[in-house]
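We name chains A, B, ... by the order of the sequence lines, and we start the count at 1 in each one.
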2 protein chains.
Amino acid sequence: MRVLLIEDDYVLGGAIRDHIAASGHGVDWMKRIDEAKLALANVAYELVLLDLNLPDGRGLDLLRELRAALNRVPVIITTAQDQIAVRIEGLNSGADDYLVKPFDLSEMSARVSAVARRYAGNPSPAISIGPVSIDLGRKIVIVGDKPATLTGREWAVLERLVRHRGAIVTKGEIEDSLYAFGAEIESNAVEVYISRLRKKLGRDFVSTARGLGYQVEA
Amino acid sequence: MRVLLIEDDYVLGGAIRDHIAASGHGVDWMKRIDEAKLALANVAYELVLLDLNLPDGRGLDLLRELRAALNRVPVIITTAQDQIAVRIEGLNSGADDYLVKPFDLSEMSARVSAVARRYAGNPSPAISIGPVSIDLGRKIVIVGDKPATLTGREWAVLERLVRHRGAIVTKGEIEDSLYAFGAEIESNAVEVYISRLRKKLGRDFVSTARGLGYQVEA
DNA sequence: CGTAACCTGACACCAGGCTGAAGAGATTTC
DNA sequence: GAAATCTCTTCAGCCTGGTGTCAGGTTACG
């Protein structure tokens with residue numbers, strides 16, 4: 001899927017871009033409205049992530065222009081917590097969903113996937129890895145033929161690993177999807193969650209790459 | 001079954017048409033109201049899917065004209081999230097069901113089939129989950145062998161859970177079906193309604209996935 | 001064999017979930 | 001139009017199980 005990210009904060013923007021890219025989507029990141037307009041005129045995006053805090057305050061205009069031109073590309077807007085009026089106006093102007101800053105990157109991923117799925121009409125596919133079957137959209141895991149129940153954190157780790165399946169995922173990356181942006185942790189929490197996942201999904205589900213990270217087979 | 005689809009977005013329209021055709025129904029797709037009127041005057045459709053976002057805003061008129069002419073063909077309307085007033089007016093004008101954009105195409109298929117069944121005089125099938133039997137079409141719930149009476153909000157929560165049965169549904173998603181999209185809520189209302197549902201339908205009807213959401217068995 | 005990296009059982013703590021109660025509206029009944 | 005009933009929303013206090021941490025054991029690698 002091709003995503004257009006319109007966000008002027010380059011730290012947050014980078015994090016969002018990486019997270020979406022990690023989900024296997026292509027991302028173009030524009031920091032200014034005029035750049036974004038140009039891109040939208042020339043590329044067929046399948047999703048737009050639009051920050052309504054842009055300093056020139058013309059994000060809403062962009063959205064309205066899009067809809068006026070009968071462009072129905074799904075748009076998710078992001079606003080600050082207090083900008084309720086802006087958010088409502090955004091929804092009235094044709095946005096499909098919204099996120100309130102600060103948001104968990106995993107929450108953002110979920111919304112992006114949900115909107116994309118709705119628009120494409122594809123049911124979320126189950127991913128099979130050995131005897132484990134995973135439905136990311138429905139948050140369901142089946143081991144052998146029995147469903148496994150995961151906790152929130154366990155799910156976050158699993159999701160990260162599965163989205164990158166085949167690749168080696170570092171502890172730092174897993175930590176990032178566990179503790180959204182900011183809160184640091186001083187313990188071996190990642191190891192603990194890997195251990196818990198192995199207990200629930202089978203010892204061989206995750207393999208350890210010493211000094212590098214973890215990996216699930218492709 | 002012969003379906004008339006009235007939708008001006010040609011991407012979405014194509015997707016809907018393909019999906020309905022895949023269910024074995026015949027579809028005629030009109031992008032303008034006047035075309036649709038002509039078609040309705042000349043073809044006996046068994047279902048109409050009507051987009052109320054049409055730029056000329058005359059979808060409602062079409063519906064009213066149909067009903068004024070005593071044409072009882074089942075009509076499902078589609079509206080944007082924020083168009084609550086339009087949706088209500090549509091239902092008051094004689095629509096049989098509605099879908100809020102963006103919607104799951106599979107959900108749309110389900111509604112189309114449901115309407116088709118009702119129209120054909122077949123009873124809508126009850127969904128059985130443990131000792132609970134649910135008829136989404138008629139809004140009837142039976143526990144054991146006694147009917148249960150649910151309030152509006154309770155029903156909204158139940159419907160969301162049952163339509164996605166098997167999947168874990170987040171609180172945010174439930175909230176979206178309880179309140180006008182984008183409305184904020186500052187309480188544990190979702191928890192309260194889950195609690196009420198459990199009291200009426202049995203404690204085990206809904207299971208909690210801590211930190212993730214709720215789930216009814218498939 | 002020594003060391004660093006990793007694994008995992010145990011445990012205290014507290015965030016998240018549950019539910020009874022109660023007030024404010026809304027709706028119905030008389 | 002007042003009373004009675006039903007529904008919605010919020011809140012507070014209780015309770016549970018998820019979470020982070022650590023310690024001691026295990027494994028890989030030079």
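In this structure, the nucleotide among C:dG9, D:dT7, C:dT19 sitting nearest to the side chain of A:Val192 is C:dG9. When each of C:dT8, C:dG9, C:dG17 is scored by its nearest atom to the side-chain atoms of A:Lys199, the top-ranked nucleotide is C:dG9. With C:dC7, D:dT21, D:dT10 as the choices, the nucleotide that has an atom nearest any side-chain atom of B:Ser187 turns out to be D:dT10. Each of D:dT19, C:dC18, C:dC7 was ranked by its minimum atom distance to the side chain of A:Thr151; first place goes to D:dT19. The side chain of B:Arg196 has C:dA21 as its nearest neighbour among D:dG20, C:dA21, C:dC18. Here the nucleotide nearest the side chain of A:Thr208, chosen from D:dG18, D:dT9, C:dC7, is C:dC7.
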Could you check B:Glu191 against B:Lys171 for salt bridge (charged side-chain N to carboxylate O under 4.0 Å, His left out), going step by step and ending with a plain yes or no?
CA-CA 8 Å; B:Glu191 292 166 16; B:Lys171 281 189 187 182; 2.5 Å; yes
Does the salt bridge (charged side-chain N to carboxylate O under 4.0 Å, His left out) test come out yes or no for B:Lys200 and B:Glu154, once each step is laid out?
CA-CA 10 Å; B:Lys200 290 187 176 179; B:Glu154 286 164 6; 2.8 Å; yes
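Residues A:Glu159 and A:Arg163 meet the side-chain proximity criterion, which asks for heavy atoms closer than 4.5 Å. Counting heavy atoms from C-beta on, the side chains of B:Asp176 and B:Leu178 never come closer than 4.5 Å.
Counting to the nearest Å, the P atom of D:dT26 and the CD1 atom of A:Ile194 are 21 Å from each other. Rounding to whole angstrom units, CG of residue B:Asp204 and P of C:dC18 are separated by 13 Å. Atom pair B:Tyr214:OH and C:dG16:P shows a separation of 12 Å (rounding to whole Å applied). If you measure from atom CZ of B:Arg203 to atom C1' of D:dT16, you get 13 Å, rounded to the nearest angstrom. We find that CZ of A:Arg198 is positioned 17 Å from P of D:dT26, with the value rounded to whole Å. The separation between B:Glu191 atom CD and C:dA21 atom P is 18 Å, rounded to whole Å. Summarising the geometry, the separation between CD on A:Glu175 and C1' on D:dT19 is reported as 14 Å, rounded to the nearest angstrom. Here the C1' atom of nucleotide C:dT19 and the CD atom of B:Glu154 are 14 Å apart, to the nearest Å.
Both B:Leu150 and A:Gly152 lie close to DNA chain D; mapped to their nearest nucleotides by heavy-atom distance, the more 5′-ward contact belongs to B:Leu150.
For the residue pair B:Thr208 and B:Arg198, a side-chain donor N or O sits within less than 3.5 Å of a side-chain acceptor on the partner.
Nucleic acid contact class of B:Tyr193 (heavy atoms, under 4.0 Å, all strands): base. Within the nucleic acid shown, A:Arg210 comes within 4.0 Å of at least one base atom, counting heavy atoms only.
Judged by distance alone with a 3.5 Å cut-off, no donor-acceptor contact links the side chain of B:Asn188 to the base of D:dT9.
A close approach under 4.0 Å does not occur between any side-chain nitrogen or oxygen of B:Lys171 and OP1 or OP2 of C:dG16.
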